[in-house]
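Whatever order the structure lists ligands and atoms in, that order sets their numbers, starting from 1. Because the structure is predicted, anything quoted here is derived from the model rather than measured.
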Amino acid sequence: MVNLKTSIAGIPLESYFFNASGPKCMTLEELLALAASNSAVVMSKSSTFEPREGNPEPRYCNLEFGSINSMGLPNLGYKKYAEFAPLLKVQTTKPYFVSVSGLKLAENMEMLKYLSEIKDIDALELNLSCPNVIGKPQICYDFDQTREVLREIEKVAKKPLGLKLPPYFDFVHFEEAASIINKHNIAFVTCINSVGNALFIDPEKEVVVIKPKGGFGGLGGAYIKPIALANVRKFRELLRKEIQVIGVGGVDTGVDAFEFLLCGADAVQVGTTFQKEGVKCFARLETELKAYMFQKGYDDISDVKGKLKTL
Ligand code: DHB
């Protein structure tokens, strides 16, 4: 039997796969469906200080090789994700992670402080890379701001804290981001958020496919897997070994997950494929990864983790 058990921030996970903060994790009903599924964690939609409707529709579009979205952080507000914690724990013993995406540093501070006191929340993922809030830059593309945010939030976050990072494309940027993160008490990074501000066009109709921001939105799915693998690999190389790396971006098959494992990912999240396929994707991905590892003679993710060969 191949063993896919892993752990994040010392919290045991039953398998290597869980949902990305993004699709189908906003309402209690959706979170309960995740609790009942093979997802190793229940991860919430990124929460803001106040509830938000998000951007005008259509704001999500499935594409042949992925998806494009400009949701604009629709969510029920952070207090609801705190209220849901004990309700989820009635249904499942699996961990509950809450994603936080304040529009200002003061909001992130307040939310992280409050959520840190909720017993049934196991970890927090601070999203510093939402590309879709109109007029707001992605914090992690501004290293001065990143430095300030990490310095401040460390004072209030009392649960294991992860950072959802945007994709980087330049080795100097990877090094600068990693050197900032290495100075702080961060349990894990999640690489990568969607590739921001892509543009998808329907040539027949000569029109964009989503409404907000003139059609620009975050690209996800198979299109971005090589970028996600590069980010996992590079951060694994540059971060202190105590900081774990979670991969996300184009995990659609067990073999995709195997590639993230070779790059050193401690777990992977599933976004676009979960949106397209629903909760049954988690059992399928587990079966596929186990079969692929079995065929190669591996018993445990530790046999493969970080073992990518170079030429
Ligand atoms: C949204 C998109 C993201 O990529 C993200 O990290 C958070 C929120 C959104 O538009 O809702």
So, 4.0 Å and heavy atoms of P131: is ligand 1 close enough to count as a contact?
yes
Under 4.0 Å between a Lys/Arg side-chain N and an Asp/Glu carboxylate O for E176 and R147?
yes
Using 4.0 Å as the upper bound for N to carboxylate O, is an ion pair formed by R284 and E277?
yes
Is the ring centre of Y81 less than 6.0 Å from the ring centre of F84?
yes
With no hydrogens and no angle check, do the side chains of S129 and N127 hold a donor and an acceptor under 3.5 Å apart?
yes
Near P74 (heavy-atom distance under 4.0 Å), the atoms of ligand 1 are 11 (O)
Charged N to carboxylate O under 4.0 angstrom, K113 versus E110?
no
Could you tell me whether E154 and R151 have a side-chain N and a carboxylate O separated by less than 4.0 Å?
no
Min N/O separation G72 to ligand 1 under 3.5 Å:
yes
Among all protein heavy atoms, pick the one closest to atom 1 (C) of ligand 1 and tell me residue, atom and distance.
C130 SG, 3.5 Å
Among side-chain atoms of D252 and T273, is any donor-acceptor pair under 3.5 angstrom?
yes
Identify the closest protein heavy atom to atom 11 (O) of ligand 1: which residue and atom is it, and at what distance?
L73 N, 2.6 Å
Would K89 and Y96 count as a cation-pi pair here, with the cationic atom under 6.0 angstrom from the ring centre and within 45° of the axis?
no
Per-atom contacts, ligand 1 versus N132 - under 4.0 Å to a heavy atom
1 (C), 2 (C), 9 (C), 10 (O)
Show me which atoms of ligand 1 lie under 4.0 Å from any heavy atom of N127.
5 (C), 6 (O), 7 (C)
Using distance alone, determine whether K45 and ligand 1 share an N or O pair under 3.5 Å.
yes
Per-atom filter on ligand 1: closer than 4.0 angstrom to a heavy atom of S194 are 4 (O)
State if N69 counts as touching ligand 1 under the rule of any non-hydrogen atom under 4.0 Å.
yes
Within the 4.0 Å heavy-atom shell around N193, which atoms of ligand 1 are there?
3 (C), 4 (O), 5 (C), 6 (O)
